[in-house]
Amino acid sequence: MTTQHLSPEELFRLNVAFVSIRDPAIRAEFLSTIEAWAQDQWLAGDTAQDM
């Protein structure tokens, strides 16, 4: 998945959420969660194209 699939508003909200997290451990977990979501979206797109 690319950022082309997210609206500017969604990207803005993700950025605000990330920069507002002060605890490094929570910030790392946030990034991990976003990465897992993006990979799921990418794989779902690949699966849809295979059908």
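Only heavy atoms go into these numbers, but all of them, side chains included; no hydrogens, no water, no symmetry mates. Every value quoted in this text rests on a predicted model; they were computed, and no experiment measured them.
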Looking only at atom types and distance, does a side-chain atom of T33 sit under 3.5 Å from a main-chain N or O of E29, one as donor and one as acceptor? yes
Is the backbone of S7 close enough, under 3.5 Å, to the side chain of E10 for a donor and an acceptor to pair up by distance? yes
Would you kindly confirm whether I34 and V19 end up in one hydrophobic cluster when ILVMFWY residues are joined by side chain heavy atoms under 4.5 Å apart? yes
May I ask whether L11 and I21 are part of the same hydrophobic cluster, defined by side-chain heavy atoms of I, L, V, M, F, W, Y residues being less than 4.5 angstrom apart, directly or through others? yes
Flag yes if V16 and W37 sit in one hydrophobic cluster, no otherwise; membership is Ile, Leu, Val, Met, Phe, Trp, Tyr, and two members link when side-chain heavy atoms are under 4.5 Å apart. no
Any side-chain to backbone donor/acceptor pair from R27 onto F18? Under 3.5 Å, distance only. yes
Rounded to the nearest 0.5 Å, the CG atom of N15 sits from the OG atom of S20 at a distance of 9.5 Å
F30 and L14: side-chain contact (heavy atoms from CB on, under 4.5 Å), yes or no, with the steps? CA-CA 10 Å; F30 179 83; L14 285 173; 4.1 Å; yes
